[in-house]
Engineer: 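Shown below is the structure under consideration.
First the proteins, then the strands, lettered A, B, ... as listed; each starts at 1. Atoms considered below: every heavy atom in the structure, side chains included; atoms not considered: hydrogens, waters and symmetry mates.
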There are 2 protein chains.
Amino acid sequence: MAKADTALVGALRERGLRMTAQRQLVLDAVRELDHATPEQIHAEVAGKAAGVNITTIYRTLDLLSELGLVTHTHLSHGAPTYHAAGVHPHLHFVCRDCETVTELPVETVQELAGKLREERGFDLDVEHLALFGQCGDCRGRA
Amino acid sequence: MAKADTALVGALRERGLRMTAQRQLVLDAVRELDHATPEQIHAEVAGKAAGVNITTIYRTLDLLSELGLVTHTHLSHGAPTYHAAGVHPHLHFVCRDCETVTELPVETVQELAGKLREERGFDLDVEHLALFGQCGDCRGRA
DNA sequence: TTCAATGCAAAGAATTTGCATACAT
DNA sequence: ATGTATGCAAATTCTTTGCATTGAA
């Protein structure tokens with residue numbers, strides 16, 4: 001097993017769960033790839049250790065999400081993309097025409113998040129947020 | 001065929017496409033159901049006219065989207081939900097814990113939409129927007 | 001008459017489940 | 001030793017595609 005992750009081991013221990021090579025590999029892959037689909041993560045993990053099943057990728061991503069170590073967002077109709085929680089937090093704008101994905105700073109929705117919190121008691125998951133619409137280039141073309 | 005829809009017939013004519021009973025039925029179902037998945041729309045349509053295939057539901061929803069008569073949003077990891085465009089426009093907040101979906105007025109993101117437009121040239125698709133996070137009740141429980 | 005639209009069946013992508021085995025504790 | 005975590009295969013869910021037939025214009 002590669003360099004064991006303190007945060008991971010700690011979060012697992014707290015819940016009586018076990019540290020495994022696969023869990024470390026998946027977390028490493030998410031951190032390295034950024035915006036990766038389960039399949040891309042699988043490919044990355046396979047490069048480090050052969051034989052890790054795609055099922056384990058799915059199960060581990062679910063687990064890491066529950067542990068708060070990774071988050072995911074839906075940038076298309078297809079597979080979700082995962083990234084490490086808290087590392088370079090940002091949100092996305094996806095152009096429905098050219099499908100370009102633009103990263104936006106979390107401050108973009110700070111005012112919205114505050115309003116939701118105060119007026120509705122809602123705690124917005126900023127890192128999960130994907131904004132859809134049309135980018136300037138595509139609007140000019142239309 | 002039930003009461004033919006002027007907007008639908010017009011949009012179809014403009015593109016040299018044909019008016020069919022199925023297209024009217026799907027549009028009617030979307031208007032009636034609100035937040036319906038393709039499968040729910042299929043069930044609703046089946047109640048009015050037997051034998052309409054699920055494939056036709058998918059093809060028709062795509063078409064109606066292109067015509068600008070319906071929009072869709074992703075409120076869960078599963079199937080998208082469709083609703084009639086421009087009718088009672090709103091956006092959604094989905095609690096990741098209790099999965100409750102709350103409708104929010106479009107004004108909630110008016111300031112955000114303006115900022116994206118001015119600073120980035122992005123035209124936000126407000127009706128497609130789904131905000132995820134935790135509702136007040138669930139936060140209190142945690 | 002002509003070709004778009006539909007129905008049907010089969011294929012396809014993404015994900016989940018059941019169960020025996022392997023391995024962290 | 002104990003039971004969690006994994007691998008494997010099969011099942012599920014959601015959606016798309018190919019092709020012959022139907023039907024709107």
Engineer: Rounded to the nearest angstrom, tell me the gap between atom CG in L61(A) and atom P in dT16(C).
Structural biologist: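 Those two atoms, CG and P, are 10 Å apart.
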
Engineer: Centroid-to-centroid, H74(A) to H77(B), below 6.0 Å?
Structural biologist: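 Yes.
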
Engineer: May I have the distance from R13(B) (atom CZ) to dA5(C) (atom P), rounded to whole angstrom?
Structural biologist: 13 Å

Engineer: Considering only nitrogen or oxygen atoms on both sides, find all protein atoms under 3.5 Å from nucleotides 8-13 of chain D and state each distance.
Structural biologist:
unit_1, atom_1, unit_2, atom_2, d
dA9(D), N6, T55(A), OG1, 3.4

Engineer: Given atom CG of L12(A) and atom P of dT25(C), what is their separation to the nearest angstrom?
Structural biologist: 9 Å

Engineer: For the side chain of R18(A), starting at C-beta, report the closest nucleotide among dA14(C), dA5(D), dG7(C).
Structural biologist: dA5(D)

Engineer: Counting only heavy atoms not in E103(B) (residues, nucleotides, ligands), do more than 12 fall under 6.0 Å from its CD?
Structural biologist: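 Yes, because the 6.0 Å sphere around CD of E103(B) holds more than 12 heavy atoms from other groups.
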
Engineer: Rounded to whole angstrom units, what separation is found between the CE atom of M19(A) and the P atom of dA5(D)?
Structural biologist: 12 Å

Engineer: dG23(D) phosphate, OP1 or OP2: any side-chain N/O from Q22(B) under 4.0 angstrom?
Structural biologist: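 No, no such contact exists.
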
Engineer: What is the distance from CG of D62(B) to C1' of dT17(D), rounded to the nearest Å?
Structural biologist: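 That distance rounds to 13 Å.
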
Engineer: Is it true that D5(B) and R31(B) have a side-chain N and a carboxylate O under 4.0 angstrom from each other?
Structural biologist: yes

Engineer: Between Y58(A) and dT16(C), is there a contact of a side-chain N or O with OP1 or OP2 at under 4.0 Å?
Structural biologist: no

Engineer: Taking the six-membered ring for Trp and the full ring for Phe, Tyr or His, determine whether the centres of H72(B) and H83(B) are under 6.0 Å apart.
Structural biologist: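 Ring-ring flag for H72(B)/H83(B): false, centres at least 6.0 Å apart.
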
Engineer: Hey, is the side chain of T20(A) poking within less than 4.0 Å of OP1 or OP2 on dC23(C), counting only N and O atoms?
Structural biologist: no

Engineer: Using heavy atoms to find the nearest nucleotide of DNA chain D for H74(B) and A50(A) separately, return the residue whose nucleotide is more 5′.
Structural biologist: A50(A)

Engineer: Evaluate L104(B) against L131(B) for side chain to side chain contact (heavy atoms under 4.5 Å, CB included), listing each step before the verdict.
Structural biologist: CA-CA 10 Å; L104(B) 298 173; L131(B) 304 171; 4.1 Å; yes

Engineer: Is it the case that over 12 heavy atoms from other parts of the model lie below 6.0 angstrom from the CZ atom of R13(B)?
Structural biologist: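 Atom CZ in R13(B) is not packed in, count stays at 12 or less.
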
Engineer: Round to a whole Å and report the spacing from CG of L67(B) to P of dA5(C).
Structural biologist: 10 Å

Engineer: Pick the closest DNA chain D nucleotide for L17(B) and for P80(B) by heavy atoms, then say which residue is nearer the 5' end.
Structural biologist: P80(B)

Engineer: Calculate the interatomic distance between L63(A) atom CG and dT6(D) atom P; express it in whole Å.
Structural biologist: 8 Å

Engineer: What's the closest nucleotide to the T56(B) side chain, out of dT16(D), dG7(C), dA14(C)?
Structural biologist: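 Looking only at side-chain atoms, T56(B) lies closest to dG7(C).
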
Engineer: Please report the distance, rounded to the nearest Å, between CD in Q40(B) and P in dC14(D).
Structural biologist: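 Result: 10 Å.
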
Engineer: Let me see the working for R139(B) and D137(B) under side chain to side chain contact (heavy atoms under 4.5 Å, CB included), right down to the final yes or no.
Structural biologist: CA-CA 5 Å; R139(B) 201 171 62 251; D137(B) 290 354; over 6 Å; no

